[in-house]
S.K.: 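Okay, here's the structure, questions in a sec.
Throughout, residue positions are numbered sequentially from 1 according to the sequence presented. Values below: every heavy atom of this structure, side chains too, minus hydrogens, waters and symmetry copies. Computed from a prediction, not measured in an experiment: that's the story for all the values here.
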Amino acid sequence: MKRLINTALVYLIAGAAAGVFFREFTKLSGFAEQTALGFMHPHLLALGFLVFLIATLFALASDFTGDRLFKPFYLVYNIGVIITAGMMLVRGVAQVTGTVLPLPDAALSGIAGIGHIMVGVGLVLLVIMFKRVVDRKAAVARA
């Protein structure tokens with residue numbers, strides 16, 4: 001459980017830092033258009049902070065961190081969020097500075113897509129674990 005709340009805290013800090021970075025970097029660069037950097041802040045807060053905060057609250061009711069799916073969920077989900085946010089950072093910085101992307105646009109989109117798929121798989125694993133907890137509690141209530 002401690003791992004869940006600590007992870008939520010890390011994502012809260014990263015999300016806040018991403019928001020500050022977006023605001024200050026675009027302001028200093030004189031960039032007024034929309035950029036991928038603007039999406040890092042809400043992605044890190046929603047996919048990172050909120051998901052792990054909800055998972056922590058769920059674990060308080062019935063600790064699911066011993067479930068065999070917990071480690072795969074934790075690894076796949078975090079790697080997916082990091083890849084997704086990382087590609088937003090790369091694309092956003094290139095947009096603001098006008099630099100040529102280090103990879104073809106399709107390659108960056110593909111990598112970001114892999115991150116999104118990993119996030120989706122991680123969320124499915126999390127919901128399966130939540131469902132197991134609910135099913136166990138329902139079975140105890142019926143008995």
S.K.: Can you tell me which residue among Thr7, Val51, Leu44, Val76 is in a side-chain contact (heavy atoms from CB on, under 4.5 Å) with Val81?
M.R.: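 For Val81, the side-chain contact (heavy atoms from CB on, under 4.5 Å) check succeeds only for Leu44.
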
S.K.: With side chains defined as the heavy atoms from C-beta onward, is the minimum distance between Tyr74 and Arg3 less than 4.5 Å?
M.R.: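 When only atoms from C-beta onward are counted, Arg3 and Tyr74 do touch, with a gap below 4.5 Å.
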
S.K.: Passes side-chain contact (heavy atoms from CB on, under 4.5 Å), Leu126 versus Tyr77? Steps please.
M.R.: CA-CA 9 Å; Leu126 182 63; Tyr77 188 79; over 6 Å; no

S.K.: Is it true that a side-chain atom of Tyr11 and a backbone atom of Leu50 form a donor plus acceptor pair closer than 3.5 Å?
M.R.: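 Side chain of Tyr11 to backbone of Leu50: no pair is present.
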
S.K.: Is Leu53 reachable from Leu47 through a run of I, L, V, M, F, W or Y residues, each pair having side-chain heavy atoms under 4.5 Å apart?
M.R.: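 Yes, because Leu47 and Leu53 connect within a single hydrophobic cluster, where side-chain heavy atoms sit under 4.5 Å apart.
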
S.K.: Measure across Ala36 and Met88 and return the closest heavy-atom pair with its distance rounded to 0.1 Å.
M.R.: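 Shortest heavy-atom contact: CB-O, 3.7 Å.
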
S.K.: Please report the interatomic distance CZ(Phe49) to CG(Leu12), rounded to the nearest 0.5 Å.
M.R.: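 Taking CZ in Phe49 and CG in Leu12, the distance rounds to 5.0 Å.
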
S.K.: With a cut-off of 6.0 Å (strictly less than), are more than 12 heavy atoms of other residues, nucleotides or ligands near CZ of Arg23?
M.R.: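 Open: at most 12 neighbouring heavy atoms sit under 6.0 Å from CZ of Arg23.
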
S.K.: What's the separation between atom CD in Gln95 and atom CD in Glu33, rounded to the nearest 0.5 Å?
M.R.: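 It is 9.0 Å, given to the nearest 0.5 Å.
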
S.K.: Could you check whether any side-chain heavy atom of Phe70 comes within less than 4.5 Å of a side-chain heavy atom of Leu4, counting everything from C-beta outward?
M.R.: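 Phe70 vs Leu4: side chains touch.
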
S.K.: Evaluate the side-chain proximity of Phe73 to Ile128: yes if any heavy-atom separation is below 4.5 Å, no if none is.
M.R.: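 Side-chain contact under 4.5 Å: no.
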
S.K.: Any non-hydrogen side-chain atom of Thr65 less than 4.5 Å from a side-chain atom of Met129?
M.R.: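 Contact flag for Thr65/Met129 side chains = no.
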
S.K.: Measure across Lys137 and Ser62 and return the closest heavy-atom pair with its distance rounded to 0.1 Å.
M.R.: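 Closest approach of Lys137 to Ser62: CE-CB, 3.5 Å.
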
S.K.: Using the side-chain contact (heavy atoms from CB on, under 4.5 Å) rule, pick out the option among Leu89, Val96, Val90 that qualifies with Val93.
M.R.: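 The passing option is Leu89.
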
S.K.: With rounding to the nearest 0.5 Å, note down the distance linking CE in Met118 to CG in Leu75.
M.R.: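 Going from CE on Met118 over to CG on Leu75, the span is 8.5 Å.
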
S.K.: What's the separation between atom CD1 in Ile5 and atom OG1 in Thr56, rounded to the nearest 0.5 Å?
M.R.: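 Rounded to the nearest 0.5 Å, the CD1-OG1 separation comes to 4.0 Å.
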
S.K.: Determine, using the 4.5 Å side-chain heavy-atom cutoff (strictly less than), whether Leu123 and Leu45 are members of one ILVMFWY cluster.
M.R.: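 Linked within one cluster.
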
S.K.: Does Val134 share a hydrophobic cluster with Leu125, counting links as ILVMFWY side-chain heavy atoms below 4.5 Å and allowing steps through other members?
M.R.: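 Linked, Val134 and Leu125 end up in one cluster.
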
S.K.: Please verify the inter-ring angle class for Phe58 with Phe130; under 30° counts as parallel, over 60° as perpendicular, anything in between as tilted.
M.R.: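 It falls in the parallel class, under 30°.
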
S.K.: Side-chain contact, heavy-atom cut-off 4.5 Å: Gln34 with Phe39?
M.R.: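 The answer is yes; the side chains approach within 4.5 Å.
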
S.K.: OG1 of Thr84 to CD1 of Ile111: how many Å apart, nearest 0.5 Å?
M.R.: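 Here the interatomic distance stands at 11.0 Å.
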
S.K.: Find the distance between CG (Leu103) and CZ (Arg91) and round it off to the nearest 0.5 Å.
M.R.: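 One gets 10.0 Å once the value is rounded to the nearest 0.5 Å.
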
S.K.: Indicate if Phe25 and Val20 have the same hydrophobic cluster label, given that clusters are the connected sets of ILVMFWY residues with side-chain heavy-atom separations under 4.5 angstrom.
M.R.: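 As far as the 4.5 Å side-chain criterion goes, Val20 and Phe25 are not connected within one cluster.
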
S.K.: If hydrophobic clusters are built from ILVMFWY residues whose side chains come within less than 4.5 Å, do Val124 and Val121 share one?
M.R.: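 Yes, Val124 connects to Val121 through the hydrophobic network.
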
